[in-house]
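Below is one structure, written out as structure tokens, with a few remarks after it.
Each ligand, and each atom within it, is numbered from 1 in the order the structure gives. Note that the coordinates shown come from a computational prediction; the quantities given were computed from them, not determined experimentally. Start at 1 with the first residue, then count along the sequence.
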Amino acid sequence: MSDIENEVQELRRRIEYHNRKYYVDAEPEISDFDYDKLFSRLKKIEAQHPELLSPDSPTQKVGGEPIEGFEQVEHDVPMLSLDNSYNLDDLREFDKRVRKGLAKSENIEYAAEIKIDGVSVSLLYRGGLLVRGATRGNGAVGDNITANVRTIASVPLRLNGNFAPDVEIEVRGEVFIPRREFEKLNEMREAEGLQLFANPRNATAGSLKLLDPKTTAQRPLDVFLYWLHAPAHIMPDTHIEAITLIREYGLKTEPNTALFNNMDDLLEHIKTWETKRSELPYENDGIVIKVNSYAQQRALGMTSHHPRFAVAFKFPPEQKPTKVLSIEVQVGRTGKLTPVANLEPVLLAGTTVKRSTLHNEDEVKRLGIMVGDTVIVRKAGEIIPQVVEVLKDKRNGSETPFEFPENCPVCGTRVVRPEGEAVTRCPNPWCDAQVRERLIHFASRQAMDILKMGPSLVNQLIDRGHIKDVADLYSLDKETLAGLERMGDKSARNVMLSLEKSREMPLDRLLFALGIRHVGSRTATLLADAFGSLDAIAAATQEQLSNVSDIGPKVAGSIIEFFAQPRTAEVIAKLRAAGLKMDAEKKTSDTGTLNGKIFVITGALSRPRDEIKRSIEAAGGRVTSSVSKKTDYLVCGRDPGSKRDKADRLGVSVISEEELAALMIQEPSQIEFSFD
Ligand code: IVH
């Protein structure tokens with residue numbers, strides 16, 4: 001081996017060691033500075049000697065190229081879930097069943113582990129190298145998420161120890177995002193105008209299912225392993241020994257695992273953790289109890305769904321009493337009024353809770369909540385905790401009733417609550433609160449992607465009178481921006497640049513950015529494709545809109561309502577003047593043989609309808625869901641329904657699949673049909 005190869009191997013060995021010390025053992029031995037020195041040395045050599053690069057090098061954890069989709073992975077041993085129990089008596093029953101299933105004389109030990117509320121994964125190491133990461137999926141088949149799993153700091157690309165090249169070791173465990181990191185992640189997303197994750201579990205699942213591993217690498221994922229499957233000569237005799245072995249491999253295990261030989265101590269342990277659970281830096285929702293001996297596990301076996309040797313005791317959701325300091329009513333982007341209780345801060349499930357949503361008027365009535373009340377708040381998976389109960393016997397007469405407002409608390413317009421709906425709305429689209437929220441939405445990454453245009457900047461711009469609507473963003477100048485709080489020359493320049501870039505956004509993004517009620521990004525794409533320009537959408541009738549497949553009367557009505565407002569036309573005129581794209585990019589349809597033709601599909605066909613629809617669209621045609629006078633062709637399969645009759649009545653051409661295929665390859669004018 002050359003000197004340089006030796007150095008690379010030595011560097012990798014040392015970096016792997018220090019990774020383990022830092023990420024797995026939380027006992028770093030060297031300073032970040034010294035670690036960075038090792039790391040950059042290795043990177044430099046690998047850059048100079050690409051032939052020495054290897055996928056298991058610690059430099060390869062930053063995330064590789066994006067992938068198209070996830071391949072399926074079959075689990076050799078199915079990934080089962082556990083039977084749940086919610087009270088301690090259930091656990092005594094579990095113990096009885098276990099004892100019944102084993103010989104009387106046997107001594108039984110139970111391992112108790114904190115049940116992490118994350119996402120279960122399987123990691124496969126071959127010859128000590130990480131070769132596959134997979135989700136649980138349906139237990140039998142999951143997704144191959146190797147590219148993402150490789151980016152998790154505490155997942156080593158190589159196990160500690162020596163392994164024959166074909167030895168396969170599978171470990172399973174729970175990926176999670178620690179509480180503190182989760183809060184930071186959401187704070188960052190809020191500042192960037194991105195949608196917040198509801199809880200660490202959702203954030204974890206989302207991060208593992210990203211198609212771009214570089215984004216996953218940015219997420220603070222961590223993992224605890226609790227299951228081992230290895231060749232017989234490696235497998236120990238007990239679960240606890242397996243946990244030790246997993247640790248020796250350099251993988252993380254939950255540190256509070258304990259072993260018991262009687263039920264009473266085990267139940268005490270559970271009660272203790274029920275009160276201490278919120279002190280753990282990660283979300284947990286119970287205690288998993290497993291028979292420790294593998295021989296006994298095998299003897300007990302499985303039911304069709306669950307192992308008989310293990311059970312999950314689930315903690316009840318955490319709840320605590322606190323005081324209602326005030327109740328305010330917030331107005332959202334679509335004018336929705338949401339009552340929110342400001343609470344005396346209380347530590348709940350590891351985070352400080354200061355507010356709680358009261359949802360709507362009916363919920364306020366149901367709870368009978370007053371300002372000054374003592375209430376029970378509960379956190380069960382959502383970011384904003386719920387008020388579950390008002391402790392009315394704690395009242396001392398100083399409480400003040402809360403009346404749901406009749407006028408919008410922001411603009412004073414009389415609020416409306418349609419018959420039979422739970423939501424109360426401010427009907428004034430130019431209500432300050434709605435304008436602010438719309439601006440934030442307009443600038444958000446999924447919409448026009450304007451940097452930094454989150455709540456702080458938008459509020460300053462509105463409060464100082466620089467902007468009144470989304471179109472005013474395009475008349476901002478660098479000096480104005482640079483003069484705002486927490487902005488400098490550089491930030492101002494970046495905002496200007498991204499404003500500039502946003503003028504090039506395609507029509508569907510602009511349409512989504514306008515924040516029309518019920519028009520999400522998918523609907524926006526459908527509309528842009530179907531009508532081709534903002535003017536055409538604005539001029540469309542309810543019927544024409546509803547003719548676009550997947551657009552129902554509710555969505556169509558909301559679009560009509562939006563464009564009927566006088567200020568909308570004004571804003572659109574300003575956006576047009578600012579040079580934004582008002583027309584859809586011409587797709588292949590320009591030269592498509594079905595250009596501009598409107599199709600309806602009915603009856604049983606040889607291919608799925610969606611597929612036929614896509615090929616029509618690819619050739620420039622449009623597919624709508626119902627037959628009207630505007631329909632050019634009804635593509636008709638076997639057993640057509642009423643659409644066929646309607647087409648006949650309206651004199652719409654009815655064609656077969658073969659005739660459609662012919663249409664696609666020839667100019668429509670050159671082809672003759674026999675219409676029956
Ligand atoms: S054991 C056959 N141990 O809880 C063994 N699961 O339904 C199956 N979980 O899907 C799992 N912590 O996602 C086990 N220490 C632990 C666990 C644990 C969390 C999750 C896991 C599983 C679910 C149980």
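- Applying the ring-ring contact (aromatic ring centres under 6.0 Å, His included) test to residues at least two apart or on different chains, the pairs with a partner in residues 144-175 are Phe163-Tyr249.
- Remark: Arg609 pairs with no residue by the salt bridge (Lys or Arg N to Asp or Glu O under 4.0 Å) rule, at least two apart or across chains.
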Under 3.5 Å, N/O to N/O: give me all the pairs between ligand 1 and the protein, one per line with atom names and distance.
residue, atom, partner, partner atom, Å
ligand 1, 3 (N), Lys290, NZ, 2.9
ligand 1, 4 (O), Lys115, NZ, 3.4
ligand 1, 6 (N), Tyr226, OH, 3.4
ligand 1, 7 (O), Leu82, N, 2.7
ligand 1, 12 (N), Ile116, N, 3.4
ligand 1, 13 (O), Ser120, OG, 3.4
ligand 1, 13 (O), Glu174, OE1, 2.7
ligand 1, 13 (O), Glu174, OE2, 3.1
ligand 1, 15 (N), Glu113, OE1, 2.7

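- Separation of the Phe224 and Phe176 ring centroids falls under the 6.0 Å cut-off.
- Within 6.0 Å of atom CD in Glu71, 12 or fewer heavy atoms from other residues, nucleotides or ligands are found, so the atom counts as exposed in its surroundings.
- Residues His239 and Tyr226 place their aromatic rings such that the two centres sit no closer than 6.0 Å.
- Residue pairs satisfying the ring-ring contact (aromatic ring centres under 6.0 Å, His included) criterion with at least one member in residues 62-86, sequence neighbours excluded, are absent.
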